[in-house]
Amino acid sequence: MSASPSYAQAGHAARGRAARTGKTPGRGRGLFRPVAALLLSGLVTAAATLAGAGTAAADDSGRHQGGAAAVLDGLKTFDNAVLRMPGENGAPARTQELPAGLFEMTVDGGGRLKTYCIDLHNPAQDQAKYLETPWAETSLGANRNAGKIRWILQHSYPQVDDLAALAEAAGTGPLTERTAAAGTQVAIWRYSDGADVTASDKHAEKLADWLQKSARNAAEPRASLTLEPAAVSGRAGERLGPVTVRTDADQVSVAPPVDAAASGITVTDEKGTPVTSAGDGARLYFDVPEGSTDGSTDGSASLTVQTTTSVPVGRAFAGTTRTQTQILAGSSESTVSARATATWSETGAAPALTARKNCAAGGVDITAANRGDEPFTFELGGTEHTVAAGATETVTIPVAEDQAYDFTITGPGGFRKNFTGVLDCATSGSVIAAEKDLPADEDNGIGTQSARDSLPASTGTATSGLEGDLAATGGSSTTPMIAALAVGFLVVGGGTLFVLRRKEAAGQQGA
């Protein structure tokens with residue numbers, strides 16, 4: 001994923017360098033209260049952070065828009081490459097040797113993914129959790145060559161697993177799985193990071209050159225599975241929705257709310273017929289009977305759709321914590337899922353909230369749709385925003401690049417929604433280029449020592465060769481430090497105040 005100038009000083013394969021030179025983002029908890037502001041930057045106590053950690057960890061709906069969720073198993077099929085960095089202030093150019101190739105991930109619920117890196121300078125954290133993510137919410141959104149990266153994926157290893165045919169098409173000479181993976185990764189880095197990088201093996205280098213020169217723009221693949229929108233709202237006694245299924249799979253299973261039998265809430269089509277499965281384009285509704293709240297609190301429920309399918313090549317995968325962004329090169333049949341929530345109230349405002357990273361604006365968009373009969377009001381930086389009954393409004397919360405955000409929105413009647421993630425909108429490559437302005441004695445972590453540090457570290461298996469070993473890019477000794485620092489800090493930038501509350505009579509607003 002992307003890196004800030006200080007963090008980018010840690011090389012892609014310089015094991016442990018991030019701990020010495022990077023500024024680690026932190027995490028914390030914030031609360032949107034009807035009468036209290038949320039400060040989205042600064043320090044919070046470790047106790048306060050820990051108190052909310054369980055809810056944040058359990059609620060992936062705040063950051064997962066649907067698709068596959070997976071855990072990084074490491075760099076598995078690779079060979080070596082050499083990164084060249086221009087010298088500063090008249091110093092000679094520097095080089096770093098680093099492994100280049102295919103990572104593997106294990107999908108939650110079953111399945112395997114193979115991915116390439118699209119952020120050369122940012123270390124990958126072993127066992128980090130990744131979520132299928134739209135290009136617009138990663139560095140690919142602003143990369144005019146993103147489509148060429150997908151073309152490379154479609155026309156090289158492992159999508160083309162006949163290595164003799166690939167070698168003949170590219171005119172490379174003999175290729176192995178390792179050199180084919182290395183050549184493909186090198187070509188991708190040239191477009192994802194604008195990197196001056198070459199494969200160490202001459203045949204892999206010829207493959208990288210051929211892929212780079214041959215690449216054409218290809219469209220972003222659609223998500224394996226999403227629900228649009230991810231949140232709806234309304235009144236008890238109504239059908240709330242629609243929530244539209246978007247998928248390449250033939251069919252998805254539809255799971256109703258866990259307490260559906262007791263509450264009487266059902267998932268239906270637009271005619272009110274209960275559904276247990278659906279296809280692409282299906283419109284789902286929450287059928288909420290009258291009396292679903294006790295009159296003093298609002299109600300909420302969620303539905304989940306799930307299927308097994310092959311995730312489309314070219315889908316981006318972003319970490320839920322600070323780690324290297326990946327792009328999909330191959331997928332087995334894998335479990336994918338998506339969830340949508342519904343909230344309702346007896347009277348007043350009825351908000352439905354969703355969040356998306358907005359890379360163009362440098363923040364997170366909070367979209368509030370009010371399906372109630374009274375205005376719904378929130379404040380941002382001292383400015384009051386009112387969502388009229390039946391209207392929708394989006395407000396952007398500024399978040400610093402590479403920083404974690406973790407906040408909970410609460411409202412009247414027990415309304416509560418949690419959103420967490422890390423804003424990653426730029427690769428480190430552009431930041432590294434800007435480091436020419438650093439003082440001559442600044443240690444940027446890219447040098448001959450880093451090259452020596454980049455040798456793969458054993459995973460503890462019996463494998464004696466490179467195949468299957470975990471390279472330094474596949475895991476980092478900084479993980480415990482990042483986790484420890486994350487407990488103590490909330491760093492989302494901007495010093496922003498954000499309040500969410502129901503519009504009340506003027507005489508009661510200060511209560």
Does any part of the side chain of [Y], heavy atoms only, come nearer than 4.5 Å to the side chain of [X], both counted from C-beta?
X    : Y    : answer
L284 : L303 : yes
F78  : R178 : no
L113 : L328 : yes
V267 : P257 : yes
L75  : P99  : yes
F286 : V232 : yes
L166 : S156 : yes
L153 : Y116 : yes

Yes or no on side chain to side chain contact (heavy atoms under 4.5 Å, CB included) for T309 and V336, after CA distance, side-chain angles and deciding distance? CA-CA 7 Å; T309 188; V336 296; 3.8 Å; yes
Under the side chain to side chain contact (heavy atoms under 4.5 Å, CB included) test against I327, which residue among T138, I149, T115 passes?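 Option passing the side chain to side chain contact (heavy atoms under 4.5 Å, CB included) with I327: I149.
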Pick one: which of I152, V313, T184 meets side chain to side chain contact (heavy atoms under 4.5 Å, CB included) with Q159?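 Among I152, V313, T184, the one that satisfies the side chain to side chain contact (heavy atoms under 4.5 Å, CB included) with Q159 is V313.
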Salt bridge check: are [X] and [Y] linked by an N-O gap of less than 4.0 Å?
X    : Y    : answer
D280 : R222 : yes
R315 : E220 : yes
E104 : K76  : no
K129 : D108 : yes

L72 and Y130: side chain to side chain contact (heavy atoms under 4.5 Å, CB included), yes or no, with the steps? CA-CA 7 Å; L72 185 69; Y130 281 78; 3.8 Å; yes
Measuring from atom [atom1] of [X] to atom [atom2] of [Y], what distance do you get when rounded to the nearest 0.5 angstrom?
X    : Y    : atom1 : atom2 : result
N145 : D193 : CG    : CG    : 11.5 Å
K213 : R190 : NZ    : CZ    : 9.0 Å
D406 : T420 : CG    : OG1   : 5.5 Å
N217 : R144 : CG    : CZ    : 10.0 Å
R239 : E270 : CZ    : CD    : 8.5 Å
E132 : T226 : CD    : OG1   : 9.0 Å

Would E137 and L131 count as a side chain to side chain contact (heavy atoms under 4.5 Å, CB included) here? Give the steps. CA-CA 12 Å; E137 297 186 32; L131 303 176; over 6 Å; no
Do you see a donor-acceptor pair shorter than 3.5 Å between the side chains of [X] and [Y]?
X    : Y    : answer
T367 : T394 : yes
T268 : D287 : no
Q326 : Q324 : yes

Around D250, counting heavy atoms of other residues, nucleotides and ligands shown, do more than 12 lie under 6.0 Å from its CG?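 At most 12 heavy atoms, drawn from other residues, nucleotides or ligands, come within 6.0 Å of this atom.
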When you measure from the side chain of [X] to the backbone of [Y], do you find a donor-acceptor pair of N or O atoms at a distance under 3.5 Å?
X    : Y    : result
R216 : S214 : yes
D73  : Q127 : no
S192 : I188 : yes
T323 : Q125 : yes
T396 : G363 : no
R356 : I366 : no
R283 : V243 : no
S334 : S332 : yes
K357 : V422 : yes

For residues [X] and [Y], report the shortest heavy-atom separation together with the two atoms involved.
X    : Y    : result
D269 : V275 : N-CG1, 3.8 Å
Y405 : L423 : CE2-N, 4.1 Å
H155 : W210 : O-CZ3, 4.3 Å
V107 : R112 : CG2-N, 4.1 Å
P312 : S224 : CD-CB, 4.0 Å
P221 : W135 : CD-CZ2, 3.9 Å

Under the side chain to side chain contact (heavy atoms under 4.5 Å, CB included) criterion, do F103 and C117 qualify, and how do the steps go? CA-CA 8 Å; F103 290 81; C117 160; 4.1 Å; yes
Does the side-chain hydrogen bond (donor to acceptor under 3.5 Å, both in side chains) test come out yes or no for E401 and Q403, once each step is laid out? CA-CA 5 Å; E401 175 68 15; Q403 301 305 318; over 6 Å; no
